[in-house]
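Worksheet: one structure, shown below.
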Amino acid sequence: MLDIQLLRNQPELVAAGLARRGAVIDLTAFEALEAQRKAVQTQTQDLQAKRNTLSKQIGMLKGKEAKGEEVAAVMAQLMSEVAGLGDALKANEDQLAVLLPEVDAFVARIPNLPHDSVPGGRDESGNVEILRWGTPPVFDFSPKDHVDLGEALGGLDFECGGKIAGSRFTVMKGQMSRLHRALAQFMLDVHTAEHGYTEVSVPYLVNPDSMFGTGQLPKFEEDLFRIERADGSRLYLIPTAEVPVTNIVRGEILDASALPLKFVCHTPCFRSEAGSYGKDTRGMIRQHQFDKVELVQIVTPEQSWDALEALTGHAETILRKLNLPYRKMALCAGDMGFSAAKTYDLEVWLPAQNTYREISSCSNFEAFQARRMQARCRDVKGGGKPRPLHTLNGSGLAVGRTLVAVLENYQRADGSIVVPAALRPYMGGLEIIGG
RNA sequence: GGAGAGGUGGCAGAGUGGUCGAAUGUACCUGACUCGAAAUCAGGCGUACUGCAAGGUACCGUGGGUUCGAAUCCCACCCUCUCCGCCA
C-alpha cells in the first residue's frame with residue numbers, strides 16, 4: 001500500500017511514478033472522495049466530542065446526587081441536550097462507515113511506485129540484462145527437452161498427473177523424485193549454512209488478511225486457489241511462501257536492532273494460472289503446483305537496497321554451484337509485479353528452448369507490504385516512533401524449474417543425466433541417472 | 001464433535017454502567033546518588049488519525065445492539081486453554 005500521506009500531499013508525483021509502469025490513477029476521484037471523508041470525519045468527531053463532555057458532566061452530577069444534592073433538573077436538561085445530538089451523530093457515523101472503507105479500497109488497489117533505478121518500459125521487452133554467467137553447453141547431438149528425457153527415464157509422468165488432478169499436474173517417480181528432493185535440500189542447506197537464513201516451516205493455507213498483507217488481494221484473487229469453509233470463512237492455497245513467511249511480522253512492532261530477519265522456506269506453491277491457457281502447456285514449466293525455496297528478508301528502511309543485491313546474490317549462488325548458465329535481468333517498470341519497487345529476475349538457460357527462462361524473481365517491496373501488514377520497527381535507543389519496515393523476497397530457487405534446467409543442461413546423448421557434483425551428496429553419491 | 005474456562009497496555013494483573021485510555025506490579029527509557037554497577041529515589045513510558053498549537057477522536061479479541069454515557073450489559077462470530085470423544 002502506498003503511503004496515503006504521499007498520495008494526499010504529492011499526488012502528481014504518485015501519478016508520474018505510476019505512469020512509468022503503465023498504471024493510471026484517477027486523482028480527481030480520489031481528491032473528491034478525500035474531501036468528503038475529511039468533512040464528514042471532522043464533523044463526526046466534533047459531535048462525538050460534544051457528546052463526550054456532556055455525558056461526563058452527567059456522570060459528575062450523578063456523583064453529587066448520590067451525596068444527596070438536588071441536581072435532577074440540571075441533569076434532565078443535559079440529557080435532553082445530548083439526546084438532541086443523537087440523530088446527527090448517527091447519520092455522520094453511518095456516512096463515515098461507508099467513506100473510510102472506500103478510501104481504503106481505493107488505496108489498496110494502487111500498485112507500488114518503481115524505484116528511480118528501475119528502467120523504463122512497458123513489457124518484457126523493456127527489461128535490461130545486467131549480467132550473464134556461464135556458457136550454454138554445446139552438444140554433439142540434438143538435445144531433448146525435459147519432457148522427453150523425463151518420460152524416457154520413467155521419472156516424469158504427465159499423463160498420470162492429468163488423470164489424478166488434471167492438466168498442469170505432474171507425477172514424479174524414483175530417481176527423479178529424489179533429484180527433486182535433493183535440489184530442495186541442497187538449497188536449504190546453502191542458504192542456512194552459508195547465507196545466514198533461518199529455516200521456517202509455515203502453513204500452506206492462509207487467511208484473506210495474509211493475502212492482503214503481501215498484495216495478492218484484493219486485486220489478484222483469480223490467480224489463487226480458494227477453499228470455502230462450512231462456516232463461510234475462506235482460506236487460500238499459497239501461491240508462494242512469500243505470503244505466509246512475510247506475514248510472520250504482520251501487526252508487529254519489531255526492535256530495529258533485531259533486524260534484519262532472514263528466513264528461508266521450502267513449500268509447494270499453488271497457482272490457478274487463469275489466463276495463461278495455451279502458454280507453456282508442455283512439461284513442468286508452468287504447473288498448478290510446484291515446489292519453491294523462498295528467501296524472505298525483513299529489514300530496516302536503511303538496509304533494504306543493499307539487502308536486495310545480497311538476496312539476489314544468494315539465489316545466484318545456487319545456480320553457480322549447480323553450474324547452470326543464467327542471466328540476471330532488471331525488470332522494467334511496466335513488467336514488475338504489483339507490490340514491487342524493484343525486481344531482478346534470474347533466467348536459467350534451457351537448451352531445448354534455446355533460451356533463458358525465469359527461475360527466480362527477487363524484489364524489494366520497500367514499505368509497500370509493511371504498510372498493508374502494519375509491520376513496523378522502532379529504534380529503542382533513539383526513542384523513535386514506530387515506522388514501517390521494509391520487506392524483500394526472492395526465489396532461491398523454483399525447484400521444479402531447476403529440475404528442468406538440470407535435466408536439459410546435464411543430459412547425455414543416450415538420454416541419461418549427469419548428476420551435478422553439488423547434488424551427489426544428496427543422492428547417495430549417484431553420478432548418473434539412467435546410465 | 002461434546003462440556004467448561006477465558007481473551008484488558010511488552011509481560012503479569014485489577015477494573016461489572018459514569019471525571020477509565022484504563023489502578024498496581026514488572027520490564028524498558030531519562031535523570032539523581034556512585035569511580036562504575038547493583039540497590040534506592042524522581043520523572044517518563046500503547047497505537048493510529050487529526051490540529052500551527054492547546055487539544056480532539058478512535059481503539060480493552062472481532063462485528064453488531066442497548067444507553068445521555070459501555071472495558072463493564074445483550075447478541076453473533078473468532079481465537080486460546082482444560083477435560084471427554086475421534087484421529088494422522
Side-chain angles (χ1 to χ4, degrees), chain A residues 1-9 30 33-69 71-108 201 203-213 227-236 247 249-259 367 370-389:
Chain A
M1 203 149 60
L2 291 183
D3 183 356
I4 194 162
Q5 301 297 354
L6 188 69
L7 196 52
R8 284 175 187 148
N9 301 329
F30 177 72
L33 186 59
E34 263 291 286
Q36 208 186 347
R37 188 226 96 225
K38 195 164 181 173
V40 174
Q41 186 161 14
T42 51
Q43 204 175 9
T44 306
Q45 294 190 348
D46 284 349
L47 287 169
Q48 286 171 327
K50 231 174 254 173
R51 180 201 62 195
N52 288 348
T53 53
L54 288 176
S55 288
K56 260 183 191 172
Q57 287 174 21
I58 295 172
M60 283 187 270
L61 290 176
K62 277 273 187 191
K64 289 184 180 173
E65 190 180 44
K67 289 180 192 156
E69 292 187 38
V71 294
V74 192
M75 215 156 67
Q77 162 69 24
L78 285 175
M79 279 193 183
S80 72
E81 204 174 322
V82 162
L85 296 174
D87 286 347
L89 185 55
K90 182 89 171 78
N92 271 279
E93 283 177 339
D94 288 349
Q95 215 179 337
L96 198 59
V98 174
L99 286 171
L100 286 178
E102 265 181 51
V103 174
D104 288 346
F106 187 95
V107 179
S201 303
Y204 302 158
L205 292 164
V206 301
N207 58 35
D209 283 348
S210 294
M211 284 296 185
F212 179 85
I227 312 279
E228 302 284 348
R229 291 200 283 188
D231 65 3
S233 67
R234 59 182 52 162
L235 292 172
Y236 296 89
N247 273 281
V249 299
R250 171 153 55 85
E252 304 288 330
I253 300 177
L254 302 175
D255 188 338
S257 65
L259 302 179
R371 273 188 225 101
R372 296 171 85 89
M373 296 190 298
Q374 298 198 54
R376 290 157 289 178
C377 63
R378 167 166 32 213
D379 299 282
V380 173
K381 288 289 179 214
K385 294 191 61 171
R387 53 187 180 138
L389 43 75

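Computed from a predicted model, the values in this text were never measured in an experiment. Protein chains get the first letters and strands the later ones, always in sequence-line order, with residue 1 at the start of each.
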Rounded to whole Å, please give me the gap between [atom1] in [X] and [atom2] in [N].
X	N	atom1	atom2	value
A:Leu61	B:G17	CG	P	19 Å
A:Asp209	B:C79	CG	P	13 Å
A:Asp104	B:A48	CG	C1'	12 Å
A:Leu100	B:U57	CG	P	17 Å
A:Leu89	B:A70	CG	P	11 Å
A:Lys50	B:G55	NZ	C1'	16 Å
A:Glu81	B:G69	CD	C1'	15 Å
A:Glu93	B:A70	CD	P	10 Å

Short heteroatom pairs, N/O only, protein and nucleotides 49-54 of chain B, under 3.5 Å:
unit_1 : atom_1 : unit_2  : atom_2 : d
B:U50  : OP1    : A:Arg8  : NH1    : 2.6
B:U50  : OP2    : A:Gln5  : NE2    : 3.1
B:G51  : OP1    : A:Lys38 : NZ     : 3.3

> Which pairs count as salt bridge (charged side-chain N to carboxylate O under 4.0 Å, His left out) when at least one residue sits in residues 72-84 of chain A, sequence neighbours excluded?
Replying inline: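 Checked against salt bridge (charged side-chain N to carboxylate O under 4.0 Å, His left out) - neighbours excluded - no pair reaches residues 72-84 of chain A.
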
> What pairs meet the salt bridge (charged side-chain N to carboxylate O under 4.0 Å, His left out) rule with one or both residues in residues 41-52 of chain A, with sequence neighbours excluded?
Replying inline: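 Matches after skipping sequence neighbours: none remain.
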
> In terms of the nearest nucleotide of RNA chain B, which residue is placed more toward the 5' end: A:Arg387 or A:Gly59?
Replying inline: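 Checking each residue's closest nucleotide, the 5'-ward one belongs to A:Gly59.
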
>> Heavy-atom nearest nucleotide on RNA chain B for A:Ile253 versus A:Gln48: which residue maps closer to 5'?
In response: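 The residue mapped nearer the 5' terminus is A:Ile253.
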
>> Ignoring hydrogens, what is the shortest heavy-atom contact between A:Arg372 and A:Gly213? Give both atom names and the distance.
In response: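 Where A:Arg372 meets A:Gly213 most closely, the heavy atoms are CB-O, 3.5 Å.
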
> Looking only at heavy atoms, what is the nearest atom pair of A:Val206 and A:Met211, with distance?
Replying inline: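 Minimum heavy-atom separation between A:Val206 and A:Met211: CG2-CE, 3.6 Å.
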
>> My understanding is that only residues two or more places apart in sequence, or in another chain, count here; which of them pass side-chain contact (heavy atoms from CB on, under 4.5 Å) with A:Ser201?
In response: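 Counting only residues at least two positions away or on another chain, A:Ser201 forms no side-chain contact (heavy atoms from CB on, under 4.5 Å).
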
> Does A:Asn52 have any side-chain contact (heavy atoms from CB on, under 4.5 Å) partners at least two apart in sequence or in another chain, and if so, which?
Replying inline: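 side-chain contact (heavy atoms from CB on, under 4.5 Å) check on A:Asn52 returns nothing, list empty.
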
N/O contacts under 3.5 Å, protein versus nucleotides 60-68 of chain B?
unit_1 : atom_1 : unit_2  : atom_2 : d
B:C68  : O2'    : A:Ser55 : OG     : 3.2

> With a 4.0 Å cut-off on heavy atoms, is A:Asn52 in touch with a base, just the backbone sugar-phosphate, or nothing at all?
Replying inline: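 The residue A:Asn52 makes sugar-phosphate contact but no base contact.
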
> Among all residues two or more places apart in sequence or in another chain, which pass the salt bridge (charged side-chain N to carboxylate O under 4.0 Å, His left out) test with A:Arg8?
Replying inline: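 Checked A:Arg8 against salt bridge (charged side-chain N to carboxylate O under 4.0 Å, His left out); matches are A:Glu34.
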
> With sequence neighbours left out, what residues match A:Asp94 under salt bridge (charged side-chain N to carboxylate O under 4.0 Å, His left out)?
Replying inline: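 Counting only residues at least two positions away or on another chain, A:Asp94 forms a salt bridge (charged side-chain N to carboxylate O under 4.0 Å, His left out) with A:Lys90.
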
> Taking a pair as Watson-Crick or G-U wobble with both distances under 3.5 Å, which nucleotide is matched to B:G69?
Replying inline: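 The answer is none; no pair meets the criterion.
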
> If we call it a pair only when both distances are under 3.5 Å in a Watson-Crick or G-U wobble match, what pairs with B:A22?
Replying inline: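 Base partner found: none.
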
> Can you find a side chain N or O atom of A:Arg378 that sits less than 4.0 Å from OP1 or OP2 on B:U47?
Replying inline: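 Yes.
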
>> Suppose we screen for ring-ring contact (aromatic ring centres under 6.0 Å, His included). Which residues come up paired with A:Phe212, at least two apart in sequence or across chains?
In response: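 Partners of A:Phe212 by the ring-ring contact (aromatic ring centres under 6.0 Å, His included) criterion come out as none, since no residue qualifies.
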
